[in-house]
Structure formats: C-alpha cells, structure tokens
Amino acid sequence: MNTDIHQEKVVILDFGSQYTQLIARRIREQHVYCEIHAYNIGIERLKELSPKAIVLSGGPSSVYDKNAPIINADIFSLGIPILGICYGMQLIAHLMGGKVVPLETREYGRDVVYILPQEYYDDIKDKEKTEDNYKSKPQKVDIGNKSIFLAPGKLYSGLSDREKLDVWMSHGDSIIEPPEGFVITAASGYAVTASFENIDAGVYGVQFHPEVSHTPQGSEILHNFLFDVAGLHGLWTMRSFIDTEVARVKEQVGNDHVICALSGGVDSSVVAALLFRAIGENLTCIFVDNGLLKKGETERVKKVFKGHFGMDLHVVDAEDQFLSRLSGIVDPEKKRKIIGNLFIEIFEEEAAVIPGVKYLAQGTLYPDVIESVSFKGPSATIKSHHNVGGLPDVMNLILIEPLKELFKDEVRVLGNELNLPTEIIGRHPFPGPGLAVRILGEVTKKNCDLLREADVIVENEIKSADLYDEIWQAFAVLLPVKTVGVMGDERTYDNVVALRIVNSLDGMTADWVRLPYDVLARIASRIINEVKGVNRVVYDVSTKPPSTIEWE
Ligand code: XMP
C-alpha cells in the first residue's frame with residue numbers, strides 16, 4: 001500500500017532567518033513533510049502547493065522598514081492554519097491591524113516567558129477540549145510592576161512544564177497591540193506580548209524561537225500547532241519514503257539503465273541502496289579509486305555493495321593516473337581542479353562502455369536545493385560547497401536525485417532502513433579530493449601511504465574511546481615540515497603530523513574538540529611509534545572561521 005507521504009505538506013515561507021532550515025528539521029522530526037519557499041512565491045503558487053499549514057519564519061527586517069519583505073494579506077483568508085515565528089509574528093500583527101514598534105531594550109538570548117498557570121489549562125482539560133474552552137476569558141497577570149491580560153494558549157496545551165517557559169529570543173521590535181480578534185497567550189519579563197492567537201482565524205504567533213534547542217519545550221509547541229491546530233497525523237517516515245520513492249523511480253526509469261557515482265560516503269551509498277531496491281540490475285555503480293582514499297576503502301566498498309547487496313559495481317583503479325597528474329603540484333586549488341576533471345574523464349569513459357545508459361543518479365540533499373528557492377538571507381548562504389562535480393553538465397544524461405527532499409539526518413535514518421551497515425551511515429565526511437588536500441605540498445604515493453597509516457590510528461583510537469559518533473570529523477594532516485627528534489640513541493629528522501578533530505553542525509562553522517588528554521596522548525604516541533617517517537604530532541586548536549576544517 002502506498003500512502004502519499006506528501007499529502008500533509010507544511011510550507012515554510014522564508015523571510016531570511018538563520019533558523020529557517022532548523023524550523024524545517026524540527027517539523028520533519030514530528031514526521032510531517034515540509035518545504036521551504038521564498039516569502040514572495042505568490043498566493044497562486046502557494047495555493048497550488050496546497051499546504052495543510054503555513055509557517056512564517058523569522059528574519060532580520062523590521063515590518064515597518066521601507067523594503068521589508070511582506071506577504072499578501074490574502075494569505076490569512078485561505079483557511080490554512082498559520083504560525084508566525086518572530087518576524088513572522090510581527091508581520092501577522094502588522095498586516096492584520098496590530099501595532100509593531102521598536103523595543104527600548106532588544107530581547108536577545110535565553111529568556112523566560114509567562115503563560116497562565118496550570119489551573120487554567122486543567123480547567124480546559126477537564127471540560128471538553130473544544131475551541132470555545134480555549135477562548136476562556138483572559139486573566140490579569142502581574143509581571144514585575146506591570147500587568148497584562150493572558151488567555152490560555154492552544155499552543156501550550158498539555159506542555160510538560162508550564163507557567164514560565166525557557167525560550168530563545170532574538171528581536172528588536174515588539175507588538176504593543178495585537179490585531180483585533182487575537183488574545184495574548186504569553187508575555188515576556190517586560191510584560192510584552194510573547195505569543196498570540198486567533199483560533200477562529202487559525203492564526204498563531206510566537207515571538208520566541210520554538211525551533212532552537214534553547215527553547216526546551218519548542219518541539220511540544222510545534223507539535224501542538226501541527227497536530228492540534230492543523231490536525232495533521234505525521235505520515236512522513238523514512239519507511240514510507242522508501243515505498244513512495246521506490247515506486248516513483250520504478251515508474252520513471254522503466255527498463256532503462258541508471259549509473260551512479262559511488263564514493264563510499266553516506267549520500268552516494270544511500271542513493272545506491274535506494275535505487276538498487278527500486279531497479280536492481282538496471283543500476284550500475286561506478287567507484288573510482290583515485291589513490292587518495294582511506295586505507296582499505298576499495299575493499300570495504302566492494303564488500304558492502306558487491307558482496308552484501310550484490311550490485312553491479314564497476315571499480316576503476318585510477319591511482320596511477322591521478323598521482324601522475326598531481327606530480328609536482330602544490331597549489332590546493334590546482335589539486336582540486338586536476339582531481340575533479342580527471343574524475344569526470346574517467347567516469348565518462350567507464351559509463352561509455354555500459355550499454356543503454358539514460359540516467360545519472362546523484363546524492364543531492366535538500367539544503368543544496370533550498371539555496372535556489374530561498375530568500376536571499378542568511379539561511380541561503382548554507383550551501384554544498386566544494387563538490388567535485390560537473391558530471392550532469394558534461395554528460396548527456398537525465399538526473400535522478402532521490403534524496404533531494406531530505407536533510408542529512410533523514411538520509412542516515414533512510415540508510416538504516418535500507419540495511420546499510422552502521423559504519424557507512426555514521427561515517428564522518430570525507431572530501432572529494434581526499435588525502436590530496438590533507439597532504440600539504442606535493443602528493444606522492446609514499447605520502448599517501450604514510451597518511452593512511454596515521455588516519456587509521458586516529459579513527460581507531462577515537463572509536464575505542466567511544467567518541468566517533470560525537471565528532472564531526474577527525475583526521476591527520478601531513479605537513480611539509482621536518483623536525484628533529486630522538487628515537488633510541490638516534491637523532492631523527494622526520495615529518496610532522498597535525499591532528500584536526502572538530503565538531504560542527506553543517507561544516508560551515510566548526511570548533512576543535514576538547515579531546516581527553518589521554519586519548520590525544522595515545523593517538524600521538526601510536527602515530528610516532530607506528531608510522532615510519534613521523535616524529536612529531538601537533539594538535540590544531542583553530543576554529544572555523546577564520547580557519548577552515550581541511551588544511552587546504
Ligand atoms: P572546509 O575545509 O571548507 O570544509 O572548512 C568544510 C567541509 O567540506 C569538506 N570539504 C570538501 N568536500 N570536496 C568535498 O567534497 C572538497 O574539495 C572539500 N573541501 C572541504 C570538509 O571535509 C568539511 O567537511
């Protein structure tokens with residue numbers, strides 16, 4: 001049976017908040033499908049999307065600015081439940097006849113907001129949970145030396161902890177007068193409106209950010225909006241995604257042939273596994289061993305995809321070609337170009353011998369897609385960078401991108417559902433140009449082998465310390481520097497290895513991991529003792545920005 005997992009679609013209109021993607025991820029976590037669109041997509045297009053609920057994101061503007069991003073007020077007459085967050089809420093106030101003014105003191109960071117005490121909600125629970133009960137009369141509440149009238153809020157129904165909510169605020173404007181028909185349901189410490197609602201109109205607003213982790217009950221609040229207000233059921237699961245996508249790909253591809261560039265990373269592995277489930281032998285995966293990979297990578301990929309799944313896998317041994325083109329090259333961008341171009345050449349050659357290829361499968365993810373649809377605000381700057389790519393442009397093939405609706409965390413769940421081994425699903429990112437950008441200076445076979453040995457030690461020690469899953473990336477970098485050391489009675493003059501171990505949410509910013517000293521000590525001593533040619537290990541304590549994660 002196929003349930004249409006897209007039928008309960010939520011549309012997030014993006015006003016340029018840095019948290020827009022986070023809103024989407026939080027909604028997806030509730031098993032509800034959502035899409036991000038630019039705030040100005042237009043009412044007609046919005047109607048075509050037929051969302052079951054709409055979220056207006058935050059954003060850096062003020063509603064009264066001359067060039068503020070504004071939506072058509074007809075959106076409030078569509079009969080679709082709407083939740084405005086931060087700027088989104090102010091926009092609701094502005095467009096529906098309320099009043100928004102600059103705050104004397106910006107409210108920024110961790111904060112608390114006040115809602116009506118438990119008993120008012122118990123009252124509702126005891127009676128029937130009807131809309132009229134939620135509209136019970138606002139009560140006067142004293143906050144400091146001010147007072148404000150608050151009504152029980154539908155968004156706060158059944159919260160595990162109430163009265164005072166910890167929230168994350170980030171705004172310089174505030175609503176001093178809600179539009180007619182709205183009741184205030186939460187107030188800040190300055191007795192300023194922190195949320196409001198108009199149940200009859202189906203319009204809700206929160207000044208704080210329920211999507212960030214500093215609002216601990218934010219997920220419950222979003223849940224109330226999605227399930228109690230909008231009446232959704234949570235159909236979006238990776239299991240149902242597989243059914244839908246497998247059926248779609250089968251229908252699209254028919255008896256034609258698909259090729260897929262398999263790198264062994266999470267995304268291309270999940271694409272391969274998903275397509276294999278859909279079309280089996282009509283899929284051929286091409287794995288190019290460029291000699292710049294981790295130790296044992298080719299064997300691992302063969303074991304999983306050929307051995308375990310039984311896929312048609314073409315492994316191309318191109319180590320010599322890559323190393324000879326890289327010979328004498330030290331400039332990082334030149335290295336990247338050479339590797340990218342040669343990869344395309346080899347891939348094309350290999351694809352040419354496979355008869356009847358019509359499609360090329362790629363592991364494009366949702367954040368890559370958002371960039372082209374989103375508002376040109378901070379959320380749009382998150383992009384997939386450095387991709388060794390260009391394949392679709394040069395090959396005359398139709399693209400299949402089965403992951404293009406998914407966030408990375410969803411891809412991992414999907415991989416799990418598709419029975420990919422956890423060692424693949426939970427892998428750290430590995431750059432397309434591989435060890436070439438971790439060997440500073442010239443890339444040679446000897447240097448690659450040396451770095452592979454050091455890399456295995458880093459990975460194994462981090463795994464033995466049970467830290468691998470908590471870390472974004474951990475790797476060794478070979479420096480073109482020799483230093484003096486002593487080993488036994490002998491003086492050595494050998495290379496330096498730097499350790500780069502960082503945490504990050506999306507690769508755009510990063511911080512170095514405060515690794516326990518004993519783990520660092522074990523890694524360093526093992527590298528120096530076991531990797532011939534290295535006599536010193538240093539730890540990189542730079543953040544990104546201003547440094548990058550990779551050294552080249
Ligand atoms: P940087 O070094 O820019 O890296 O802070 C951010 C993330 O991107 C990865 N990275 C690459 N990935 N091709 C890739 O496919 C590349 O050329 C490349 N350079 C960096 C890096 O490993 C980190 O996860």
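One-based numbering, in listed order, for ligands and for the atoms of each.
For ligand 1, the atoms closer than 4.0 angstrom to any heavy atom of Gly507 are 6 (C). Near Pro433, the atoms of ligand 1 lying under 4.0 angstrom from a non-hydrogen atom of the residue are 13 (N), 16 (C), 17 (O). The Lys544 neighbourhood of ligand 1 comprises atoms 1 (P), 3 (O), 5 (O), 6 (C), with distances under 4.0 Å to a heavy atom of that residue.
For ligand 1, the polar-atom distance check finds an N/O of Gly432 within less than 3.5 Å of one of the ligand's N/O atoms. The shortest N/O to N/O separation between Phe430 and ligand 1 does not fall below 3.5 Å. Ligand 1 has no nitrogen or oxygen under 3.5 angstrom from a nitrogen or oxygen of Arg438. Considering backbone and side-chain N/O of Glu552, none are found under 3.5 Å from N/O of ligand 1.
Using a 4.0 Å heavy-atom cutoff, Trp551 is absent from the residues neighbouring ligand 1.
In this structure, Arg28 forms no cation-pi arrangement with Phe407, as its terminal cationic atom is not both closer than 6.0 Å to the ring centre and no more than 45° off the ring axis.
Between the Lys306 side chain and the Asp312 main chain, no donor and acceptor come within less than 3.5 Å of each other.
Only the side chain of Trp472 comes within contact range of ligand 1, with a heavy atom under 4.0 Å; no backbone atom does.
Aromatic pair Tyr468/His428: ring centres closer than 6.0 Å. The six-membered or imidazole ring of Trp168 lies near that of Tyr108, with a centre-to-centre distance under 6.0 Å.
At a threshold of 4.5 Å between non-hydrogen side-chain atoms, the residues Leu292 and Pro433 do not count as touching.
When the shell of 6.0 Å around NZ of Lys303 is examined, it contains 12 or fewer heavy atoms from other residues, nucleotides or ligands.
Taking CD of Glu245 as the reference point, atom CG of Leu414 lies at 9.0 Å (rounded to 0.5 Å).
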